[in-house]
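Beneath this line is the structure, given in structure tokens, with notes to follow.
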Amino acid sequence: MSATRRQFLKTLGAAAPALLLPKTGLAGMGGPGNSSTISVPLFQQPLKIPPVLQPVSSTAWQDVYELTQVSTSVEIIPGTQTPILGYNGMTPGPVLRVDSDRQTVVRHHNNTDVQTTTHLHGGHMQAGDDGHPIDYVNPGATREYVYSNRQLPATLWYHDHPMDVTGEHVYAGLAGFYLVSDDYERSLGLPAGDQEIAIVIQDRTFAADGSLVYSDNILGELGDTILVNGTPYPYLEVSTQKYRLRILNGSNARTYTLALSNGASFVQIGSDGGLLPAPVTRSTLTIAAAERVDVVVDFGNASVGQQITLRNTAGSGSTAEIMRFDVATVQDDPSVVPQVLRPIERLDPASAVQTRRWVFGMSGGPMPWVINGSPYDPYRIDAMPRLGTTEIWELSNRTGMMHPVHLHDVMWQIIDVNGRPPAAYDAGWKDTFQIPPMATVRVIGRFDDYAGDPNDVTSAYMMHCHILEHEDHAMMAQFVVVA
Ligand code: C2O
Ligand code: CU
Ligand code: CU
């Protein structure tokens, strides 16, 4: 038993009984939140756009990047310093912009005093580079992760993924965008340049001195202050154009329902795994932890001086507001949203060689969250799908709260939710699925490209609930793709 596991059992033993009581409120998405002892005014700070990381070297087919994980302090609440863990000292970390089929090497230096392991969420790579929870990068060590980017363009993100403490480390700041594109996507004429913005929404709780309050709530950590790209309730000056917003819910547990205060709609063009076949107009977007929505918002009919807020209609009080768009200038808009985006190869359920059932439940034991009755064991392989084959996975929720279930390795398609086919916006490639209370979601995927060794646990891919405290409290399993 590892030191972290022992420590985890000790912590949980003290906290479990009271926390296991069912909770309502907060849309049923987690436990009671902590309260910040500092209050943050709305829309006072500009939205930060994290810098795009430049490669330290490049060849005809590969780019090498370097990131340093550090513990530092940054100003999040004006006039205070917040200790964080950050890639290159910032949260979110720098943005990596890469192209499909061009190899990326990311050299991570761990200058923190904790063990880390970096996972590229939505990435398709050898399991050995997938950031297995016990494949640690020790303090002071350096580790290279190799990503082939043999996948469709999509909004991915990298984040820390160590055994038992992923929630704490991501909360402390270890997350950043990894955007995959290609010539085809660039040829579509979608909003680009300053009109293409990646935003990560996260909820945090702050103490009076500006430090983060993290309670490792096993129902899911909820903060009462909403950060966008690391800034509480920012504003963004926009022009009268269309904007492409790549939205990531990077919160540990909270689910948001996004809406615009002027009643305008979002045109959704993509989801976790990339572009949809055709745009879908939606007035609200419900986005669970780790999901991504790629939307176009058109400010073309707005007038200068107008202020439009992005709201969370699933929240109340300080969690009901997210950010504000201030229309500042008039500009012609050369961008378009084509009616055909990227055709999708439909996976045929008849081609599946196997159906596996995964039941997300609770146990009465010290590790409350289980899959198929068992807490995660890093030395147990839970499934061995065959390379190149297609499988149907039935994800069943036997609890009273929604679990956003994430599958590593490849992208999947939803077949049905309680027997009903998904809405058009959920019918693209995805890696994270909202499994409503007591519901079953069937998904289909094909295990392409990479096989591992069943005798080497670090060649396993994870599947888990992405409420990070459920993951850390053992609602995780792993599979090795075998040749
Ligand atoms: Cu976003 Cu296994 O993680
Ligand atoms: Cu992942
Ligand atoms: Cu969960």
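Side-chain atoms are counted along with the backbone in the values below, which use heavy atoms only and exclude waters and symmetry mates. Whatever order the structure lists ligands and atoms in, that order sets their numbers, starting from 1.
The distance between the ring centers of His464 and Tyr376 does not fall below 6.0 angstrom. Taking the centre of each ring, Phe447 and Trp393 come in below the 6.0 Å mark. Ring-centre distance between Tyr178 and His121: not below the 6.0 Å cut-off. Aromatic rings of Tyr158 and Phe177 (six-membered ring for Trp) have centroids beyond the 6.0 Å cut-off, not under it. Two rings, from His408 and His161, have their centers less than 6.0 Å apart.
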Report the C-alpha distance between Met402 and Ile435 in whole Å, list the side-chain angles of each, state the deciding distance to 0.1 Å, and finish with yes or no for side-chain contact (heavy atoms from CB on, under 4.5 Å). CA-CA 6 Å; Met402 185 275 285; Ile435 320 292; 5.7 Å; no
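Around atom 1 (Cu) of ligand 1, the protein contributes the following N, O or S atoms at distances under 2.8 Å: His121 ND1, His159 NE2, His466 NE2. If you look at the Cu ion (ligand 2), the protein N, O or S atoms less than 2.8 Å from it are His119 NE2, His406 NE2.
The distance from atom CD1 of Ile392 to atom OG of Ser351, rounded to the nearest 0.5 Å, is 7.5 Å.
Angle NE2(His464) to atom 2 (Cu) of ligand 1 to NE2(His408), rounded to 10°: 110°.
A salt bridge does not link Arg97 with Asp63: every distance from a Lys NZ or Arg NE/NH1/NH2 to an Asp or Glu carboxylate oxygen is 4.0 Å or more. Using a cutoff of 4.0 Å between basic side-chain nitrogens and carboxylate oxygens, Arg186 and Asp99 are scored as salt-bridged.
For the pair Arg282 and Tyr425, the distance from NZ or CZ to the six-membered ring centre is under 6.0 Å and the angle to the ring normal is within 45 degrees.
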